[in-house]
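Any value given below was found using the heavy atoms of this structure, including those in side chains, with hydrogens, waters and symmetry copies removed.
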Amino acid sequence: QVQLGESGGGLVQPGGSLRLSCAASRIIFSIATMGWYRQAPGKQRELVASITWDNSTNYADSMKGRFTISRDNAKNTVYLQMNSLKPEDTAVYYCNANSRHWGQGTQVTVSS
């Protein structure tokens, strides 16, 4: 069974930065499409960013220019660098593999 473990969430002030990590196991990571999603209270889960095996990336419009997704195939890990964070970025962030497998999520709270 594919396992995805997120880390790096926490409390940050508006304008601050965080880097999320997702370590994957039991998957051929090098050919997997990896993604980050988020779900705020009372809202549907939404795509934040995704990255294919050949490093093609896709971002939700509201994250473009602020968030960067990347991967390290040697470490079976995908990252999400989040800059210029806003209170509306507050959510649980989930790692996804191949649109099928989900991690447990990590809480990101942006507040002063």
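Considering all non-hydrogen atoms of both residues, Ile27 and Ala32 come closest at CD1-CB, 3.9 Å. Closest of all the heavy-atom pairs between Ala91 and Arg38 is CB-CB, 3.9 Å. Here the closest heavy-atom approach between residue Phe29 and residue Asn76 is recorded as CB-OD1, 3.4 Å. In terms of heavy-atom proximity, Ala97 sits nearest to Leu4 at N-CD1, 3.8 Å. Between Ser17 and Asn83, the shortest heavy-atom contact is OG-OD1, 2.9 Å. Shown here for Pro14 and Ser111, the closest heavy-atom pair between the two residues is CD-C, 3.6 Å.
By the criterion of side-chain heavy atoms lying less than 4.5 angstrom apart, applied directly or through intervening Ile, Leu, Val, Met, Phe, Trp or Tyr residues, Tyr79 is not grouped with Leu18; the two fall into different hydrophobic clusters. Phe67 is connected to Ile69 through a chain of hydrophobic side-chain contacts under 4.5 Å among Ile, Leu, Val, Met, Phe, Trp and Tyr, so both are in one cluster. In this structure, Val78 is not a member of the same hydrophobic cluster as Tyr94, with clusters built from ILVMFWY side-chain heavy atoms closer than 4.5 Å. There is no path of hydrophobic side-chain contacts, each under 4.5 Å, that joins Tyr37 to Met34.
In this structure, Met82 CE and Leu20 CG are separated by 4.0 Å, a value rounded to the nearest 0.5 Å. Separation of atoms CD1 (Ile31) and CG (Asp54) is listed at 12.0 Å; rounding is to 0.5 Å. Rounding to the nearest 0.5 Å gives a distance of 9.5 Å between OG of Ser25 and CD of Gln1. Taking CD of Gln39 as the reference point, atom CD of Gln44 lies at 8.5 Å (rounded to 0.5 Å). Taking CG of Asn55 as the start and CG of Asn73 as the end, the distance is 7.0 Å to the nearest 0.5 Å. A distance of 7.5 Å separates CG in Leu80 from OH in Tyr59, rounded to the nearest 0.5 Å.
Annotation: side chain of Trp36 is in contact with side chain of Cys95 (closest heavy-atom distance under 4.5 Å).
The backbone N or O of Ser112 lies less than 3.5 Å from no partner atom in the side chain of Gln13, so there is not a single donor-acceptor pair. Between the side chain of Arg71 and the backbone N or O of Thr52 there is at least one donor-acceptor pair closer than 3.5 Å. A side-chain donor-acceptor contact under 3.5 Å links Glu6 to the backbone of Gln104. Between the side chain of Asn96 and the backbone N or O of Trp102 there is no donor-acceptor pair closer than 3.5 Å.
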- Message: Determine whether Met63 and Glu46 satisfy the following criterion, side-chain contact (heavy atoms from CB on, under 4.5 Å), listing intermediate values before the conclusion.
- Response: CA-CA 11 Å; Met63 286 67 152; Glu46 63 175 349; 4.1 Å; yes
- Given side-chain contact (heavy atoms from CB on, under 4.5 Å), test Thr90 with Gln107 step by step and report yes or no. CA-CA 8 Å; Thr90 295; Gln107 176 71 46; 4.0 Å; yes
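Salt-bridge annotation for Lys86 and Asp89: absent, with no side-chain N of the basic residue lying under 4.0 Å from a carboxylate O of the acidic one.
Under a cut-off of 6.0 angstrom, the local environment of CD in Glu88 is crowded, with over 12 non-hydrogen atoms contributed by other residues, nucleotides or ligands. For CG of Leu47, the number of neighbouring non-hydrogen atoms (other residues, nucleotides, ligands) closer than 6.0 Å is greater than 12.
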